[in-house]
Every structure is written in C-alpha cells, then in structure tokens.
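Written below as structure tokens is the structure these notes are about.
Counting starts at 1 for both ligands and their atoms, in listed order.
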Amino acid sequence: MTKLEQATAADRRHGARPSVVAEYDAVVVGAGFGGVYAIHRLRQLGLNVIGLEAGADVGGTWYWNRYPGARCDVPSLFYSYTWSPELRQEWRWTEKYAAQPEILRYAQHVADRFDLRSLIRFETRVTSAEWDEASQRWTVRTDRGDRITAAYCVMATGNLSVPNKPDLPGLDRFRGAIYHTGQWPHDEVSFSKLRVAVIGTGSSGVQAIPLIAKAASRLTVFQRTPNYSVPARNAPLSDADVAAAEPVIAKYRESLETPEFGRVPSNAFEAPVPEKQVQWARYQQLWDQGGGGILTAFPNILTSEAVNDVACEFVRDKIRGIVKDKATADALSPKDYPLGVKRICIDTDYFATYNLPHVELVDLREEPLKTVTETGVETATRSFALDALVLATGYDAMTGALAAMDIRGGDGTSLKDAWADGPSTYLGLMVSGFPNLFVVTGPGSPSVIGNVIHACENHVEWITACLDTMRTKGLTRIEPERDAERSWMAHVADAASRTLYPKANSWYQGANIAGKPRVFMPYVGQGYRHRIAQIAQRDYEGFVMR
Ligand code: NAP
C-alpha cells in the first residue's frame, strides 16, 4: 500500500483524515481537466504522483459552477479530451452545448475509467509550495496539515477558479441569500416567488439570467458593462453530428494547429476588408448557425477595426430587433469596445428575457449602485427590495489561484512578489527562479482563448514528454532562462498589441480586479502548439536542464 492509500484507508476507518507526510516524484495541484490528465500521464510515466484538490470531487470549474444555465460555450464534441480514442467512442454527449451536470459527469467518468481517484486527495487546499535547492525538491503544504515533498510540482489550478467578490458597500448587512456563480451551493437553490437581483452580465450572468427570470417573481439585473452575446442555438446531438465530428477531432489530434475561435490566424494582417454587405451576410449566416463562429467570420475580425465595427453594429442591430423597450435595448448594446476582445457570451434567450414584464435592467453607468442594505440595494435614485442577490462578478483570472498560495523559489522569492508587476512565464509553462514547477495553461500561453480542454492537453503532453526526456538523459532539474522568459513575454505583449484585444477592460488583462497590474495575459499570436513542439525538438531551447 502506498502512503496515500494508507492515509485514505485510515480516513475511511476513522471518519477523519490524518495529515500526510510523504515523498512523491510529482505533485499535481488541482483536479480539473488539466490536473486529472496530468495525474494520468505522470502515472503512465511510472512516476509516483499525488493530486491535491480543494473540491470534494474532480471537475475543477465544473465542480464549482453549478448556477442555473451553466453550460459550455464550446461545442461539447470538441470540449472533450482527445487523447483517448476509446474514451471518445464510449462517451456520448447529449447536447450541442453540454450543461454543467453532464460535463461534471464526464470528468467523473474519466477519473473512474482511468482509475485516478485513488491518487487524489480531495477537500485539501494547498497553502504553500517551497523549492529547496539542497534537496532539489518542492515541499507542498496543505490546509489539512499535509507536508508533501516532490521533485516536480504541476500547478493545474485553473484560470477561472478564484471568485471575484466585489467590495460593494453594505454587502455584509444584506439579510437575504447571497450567491456567487462561481461557488454555487450543491443543494438545489429555488428562486420561486423571490425578488432576485443579478449583478454582472458576463458569460455567467448571461447564462443564469434567463433561467433565474423563469423562477423569480421579480428579477433586477445590475449591469455595469454590456456584453456582446450571440445565440447558442443549442440542440440535442444526433448520431450524424457525432460521426461528423470524429474525423475533425482525429485530424486535430495529429496536427499542431490551433484552429479555435478567439485566435488570430496567421493571414489576419494581410486579409482584405470585405464590403459591408458581404460582412453582414456572413454574420447573419453565423448568427443563424449559433455559437462563437462569428469570431471566425473573417481572418481579420480581431485585428481590423473596419471589419470588427461592422460585426459590432450587426450584433447591436440584433439586440434592437429582440428587445422591445428602446432604452433597455440601447443600454444592453456594447458601444465602447470591439466584439470578441472580451470573451464573447453565448446565450439562450438572454436579450429576449428583458421583454418579460417582471425583469428590469438597471444601467449602473447611469444609476450607480450606492449601497446594499439589509433588505435590498440602493442606487443613486432608487431602492430595490430583494430576497436574494446573485453575484455573477467573475474571477481573479489567470493569476488568482497561483497568488493565493505562498509559492517560493530557491532564493526564497515568492511568486506573488516576482509577479508584482504582472505575470511572467516562459511559454506560459514555467517561471525562471522556480525550477521544476510547471503551470498548466499559465499566463503567456493561449489558455483561455479558445478551447481550454485542448489547451490543458497540449500543456500536459508537453510537460510529461519533457520529464520523460529528462529521465532518459539522466537530468532532474529544469528552469527557463531569464532572457528566454523576458523575450517570450515581450512577444506575448507584442502579439496582443497587434490586435484589438487590448481595447477592452477585460479580465484578460486584469482590468476587473482593483490594483491588479494591467498585463495582457493570454497569448493570442499564431502557431503556439507548433512553436512549443519545436522548442522541445531543439533540445528545450530557452530552458536550462541539468
Ligand atoms: P466576467 O466575464 O468577468 O463578468 C463579470 C461581470 O460582473 C461583468 O459584467 C462585470 O462588469 C460585473 N462586475 C464585476 N464587479 C462588479 C461590480 N463591483 N459592480 C458591478 N458589476 C460588476 O465573469 P463571468 O461572467 O463569470 O465569466 C468569466 C469567464 O468565465 C468568461 O469570460 C468565460 O471565459 C468563462 N465562462 C464561460 C462560460 C461558458 O463556457 N459558457 C460560462 C461562464 C463563464 P464589468 O465588465 O464592468 O467589469
């Protein structure tokens, strides 16, 4: 029996869990899609691996995000692991865009199918990780008193895992129920006959609002910034849909391309600006089709204002066509940033919800929120009596989960201090000064742009291939060169600056969190998968291994 198995058996016997003091080859923090796959691959390499997960189950973001309407914004056939042909054949999604319970079941199925649960210690939050140069090991500590050492530490802590709880005056006083979409209760929440408010109109709010409106007696939506949203046109999946997707997935698996929406293709900068009516017709086609395809309408939609402006006007025109009240339609129409440079929302009946007589939009730009009271919310001009308040206010994205742990490199420097002016990584995978610490979909990689499961797979496969190569060569320590990291981050910034992405106050650049440095974090340049594969082929160029 391994030490972990002994500990787990003891837990079962005693109904409590003793802390673990143990040595492993690798520790994986987080058991979402990135962490679960990392655990699987590391075990396949023959490493003694332990996973540590704050939640009581696998699933990561899909474990926590149980709000009404929570659903994937990438078609489920593609929002799946590609690494196991058997898994691809066995699992049958029921809808074009899977809802949270089905995605969670998928994550659970993978954990069971590949027998991964016994390697994961649940309800265990990592508090610190410290590199010891003398022993060449990480020491990881948890909130349960565990002290685990490992040669390699893989942070699969997710990019959207630390909820942003806004500092609203008076929030503590509110006597009704308060929910955050990113930390939804596991028990059924009923809004029946209740007066409910939602604060926030990003992807989470846009998904939750139509369903909360169905249940509540009154719904008030407090909006600070309107979002571009396109219809999902969700539908049951047919066998023909499944059969048609398989060759596309198999081809993707073999290629080094990253063809998902949100990326800027290599021909973006030379592409012509099509005539307005040509653009409009294409947007209409993609609107009718549903989903995020609008971002692939033209190669330069995310680089050319002339193209993007027409797309914005197209969506505003749709909003005016759906929302009957002119002032509400106007308030719901984004006007001051391009389409697609904040994650585009994909909805079911979002705009139409505002035609319901018991639903009201409050534009916080016109009518700022003054305070939350014991019984509701007061704006500059009105009071709203409420029974429940839903915060759909997003996340401390991309760096929040890493900053929440005390991660220290060899010279004692904390990652938080090292990133005081913004995150810095080499390829979004490693940080200089923090040897043998890998980040899955870290800042500086495409990560949240596009399909995150594919981004996780790509990183896990790169990391495990790297460790395999090191083992073959008898090497045990890897760290990026500071110069390689610097020039990579300059390239990440340059890639973003050549696009329209920086033109919005998005969480991509930390703009949603007060005091967070403004650094554009995801990599939006071209050919990322190809590039990191080449770097590996060139003997891990930019890394020092010994
Ligand atoms: P978000 O996009 O950051 O949206 C948060 C919303 O809350 C924004 O409208 C924001 O307004 C508002 N807000 C924040 N603080 C506020 C305050 N103090 N007062 C008033 N309003 C405030 O967060 P999210 O909707 O949770 O989505 C985050 C990301 O998660 C998405 O972009 C997406 O990548 C992912 N996600 C995906 C899905 C899916 O797959 N379908 C679903 C949900 C989430 P401002 O814009 O003015 O800051």
Side-chain angles (χ1 to χ4, degrees), residues 33 60-62 64-76 78-79 96-100 103 158-171 179-184 197-209 220-232 234 260-262 291-292 331-332 334 336-337 340-348 350 361-365 367-372 377 379 389-398 400 441 446-453 455 504-514 516 521-522:
F33 281 107
T61 197
W62 300 104
W64 299 103
N65 276 261
R66 297 163 187 250
Y67 60 85
R71 202 175 269 289
C72 183
D73 61 2
V74 171
S76 17
F78 300 98
Y79 194 78
K96 187 171 174 192
Y97 294 98
Q100 175 271 335
I103 304 175
N159 283 306
L160 296 161
S161 47
V162 175
N164 168 35
K165 296 198 177 131
D167 191 15
L168 301 173
L171 190 59
Y179 304 99
H180 191 288
T181 46
Q183 267 182 346
W184 204 259
V198 175
I199 299 181
T201 50
S203 298
S204 304
V206 160
Q207 287 185 330
I209 285 162
T220 311
V221 177
F222 292 99
Q223 172 193 272
R224 193 164 64 184
T225 309
N227 259 298
Y228 295 99
S229 190
V230 294
N234 190 28
E260 298 124 12
F261 68 81
L332 285 165
D336 51 9
Y337 65 95
V341 302
K342 285 181 160 199
R343 177 87 171 190
I344 197 161
C345 300
I346 296 180
D347 73 270
T348 300
Y350 174 63
L361 181 77
V362 175
D363 182 352
L364 294 175
R365 289 178 173 183
E367 192 179 340
L369 193 154
K370 215 170 76 192
T371 185
V372 179
V377 163
T379 65
L389 191 52
V390 174
L391 303 174
T393 44
Y395 300 87
D396 182 354
M398 306 198 72
T441 66
S447 58
V448 292
I449 303 287
N451 183 333
V452 179
I453 293 197
N505 289 323
S506 65
W507 57 258
Y508 292 149
Q509 51 184 332
N512 64 329
I513 303 291
K516 192 163 170 171
M521 295 182 278

For residues 163-170, run the donor-acceptor check on the side chains, cut-off 3.5 Å, and write out each pair with its distance to 0.1 Å, sequence neighbours left out.
| from | atom 1 | to | atom 2 | distance (Å) |
| --- | --- | --- | --- | --- |
| Asn164 | ND2 | Thr393 | O | 3.0 |
| Lys165 | NZ | Gln183 | OE1 | 2.9 |

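When heavy-atom distances to ligand 1 are checked against 4.0 Å, the residues falling inside are Tyr67, Arg71, Cys72, Asp73, Leu160, Pro166, Leu168, Ile199, Gly200, Thr201, Gly202, Ser203, Ser204, Gln207, Arg224, Thr225, Lys342, Arg343, Leu364, Ala392, Thr393, Gly394, Tyr395, Trp507, ordered by chain and number.
Residues Asn65 and Ser204 bring no donor and acceptor atom of their side chains to less than 3.5 Å of each other.
Between Tyr228 and Lys342, the closest side-chain pair of non-hydrogen atoms is not below 4.5 Å.
Of the possible polar contacts, none joining the Gln223 side chain to the Leu332 backbone as a donor-acceptor pair under 3.5 Å is found.
For the ring-ring contact (aromatic ring centres under 6.0 Å, His included) test, residues two or more places apart in sequence or in another chain that qualify with Tyr350 are Tyr354. Every ring-ring contact (aromatic ring centres under 6.0 Å, His included) that Tyr179 has, sequence neighbours left out, goes to Trp184, Phe191.
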